[in-house]
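For reference, positions follow the sequence shown, starting with 1.
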Amino acid sequence: MMMKSAQTAKIGKKFQAAREALGLSEEDASSKTLININFIRAIESGDYSAFPARMFALRYFQKYATFLKVRQKFFDIYDESIASDNLNPKSSDSVIEILKNNRFNLI
C-alpha cells in the first residue's frame with residue numbers, strides 16, 4: 001500500500017480546504033458521508049496506509065470527492081518520492097519480473 005508522498009499530501013490539503021470551506025469538522029464529514037473518520041483523515045493527510053486495500057482507498061476517495069464537490073483524480077500508480085529512472089520498467093520486462101524485483105510500489 002502506498003504511503004504518503006508529496007503529491008498525495010497536496011491532494012489531501014485540497015480535500016481538507018474544501019471540507020473547511022463548507023464549515024464542516026472531520027466528525028461532521030464522517031457523519032454525513034458515512035465514511036470512517038480515520039479514512040477521512042487518511043485522505044486529507046494523503047496517507048493511504050490506513051486503507052486495507054487499493055480498492056477501498058479508491059472508492060472512499062471518490063465518495064469523499066463527490067461529497068465535497070472536488071474534482072480530483074486518484075493518485076495511485078506508485079510513490080513518486082521514491083521513483084527514479086532506474087526503477088521504471090523496460091517495455092521488455094514482464095509483469096512477473098517487475099513484481100519479483102519489487103521495482104514498483106503499487107497499491
Side-chain angles (χ1 to χ4, degrees):
M1 178 62 85
M2 179 181 68
M3 301 298 171
K4 188 172 183 174
S5 73
Q7 183 65 25
T8 59
K10 182 179 176 183
I11 293 168
K13 287 182 184 194
K14 185 176 180 179
F15 277 78
Q16 181 180 357
R19 175 183 51 77
E20 290 172 350
L22 293 172
L24 299 173
S25 68
E26 292 172 338
E27 292 82 5
D28 295 334
S30 176
S31 175
K32 290 180 182 293
T33 61
L34 302 177
I35 297 173
N36 181 300
I37 194 164
N38 293 323
F39 294 162
I40 295 226
R41 290 178 178 146
I43 293 167
E44 290 188 1
S45 71
D47 184 354
Y48 300 109
S49 63
F51 294 97
R54 176 193 174 276
M55 189 53 65
F56 283 92
L58 175 61
R59 293 294 177 228
Y60 283 112
F61 181 96
Q62 291 172 333
K63 182 176 182 178
Y64 198 34
T66 299
F67 171 75
L68 295 174
K69 296 180 174 66
V70 170
R71 296 188 65 169
Q72 177 66 53
K73 288 187 178 183
F74 182 68
F75 181 82
D76 70 341
I77 302 301
Y78 58 93
D79 186 346
E80 287 186 333
S81 67
I82 63 168
S84 67
D85 289 340
N86 64 348
L87 294 177
N88 290 328
K90 299 174 188 83
S91 60
S92 61
D93 288 348
S94 73
V95 172
I96 301 298
E97 289 175 70
I98 293 166
L99 294 175
K100 270 191 200 173
N101 296 324
N102 292 318
R103 292 193 307 199
F104 263 21
N105 182 17
L106 301 173
I107 61 168

Could you state whether Tyr48 and Ile37 fall into the same hydrophobic cluster, counting links through intermediate Ile, Leu, Val, Met, Phe, Trp or Tyr residues with side-chain heavy atoms under 4.5 angstrom apart?
no

Supply the atom-to-atom distance Ser25 OG to Glu20 CD, rounded to the nearest 0.5 angstrom.
10.0 Å

Rounded to the nearest 0.5 Å, what separates atom CZ in Phe51 from atom CD1 in Ile43?
4.0 Å

I need the minimum non-hydrogen distance between Ser30 and Ile40, along with the two atoms involved.
N-CD1, 3.7 Å

Donor-acceptor pairs under 3.5 angstrom involving side-chain atoms of residues 56-64: please list them, not counting sequence neighbours.
unit_1: Arg59; atom_1: NH1; unit_2: Gln62; atom_2: OE1; d: 2.8
unit_1: Lys63; atom_1: NZ; unit_2: Thr33; atom_2: O; d: 2.8
unit_1: Tyr64; atom_1: OH; unit_2: Glu44; atom_2: OE2; d: 2.6

Under the salt bridge (charged side-chain N to carboxylate O under 4.0 Å, His left out) rule, what pairs show up with a residue in residues 24-37, not counting sequence neighbours?
Glu26-Arg41, Glu27-Arg41

Here the pair of heavy atoms bringing Pro52 nearest to Phe39 is CD-CZ, 4.3 Å

Name the atoms and distances for all side-chain donor-acceptor pairs under 3.5 Å in residues 67-74, with sequence neighbours left out.
unit_1: Gln72; atom_1: OE1; unit_2: Lys14; atom_2: NZ; d: 3.1

Who are the side-chain hydrogen bond (donor to acceptor under 3.5 Å, both in side chains) partners of Lys10, not counting sequence neighbours?
none

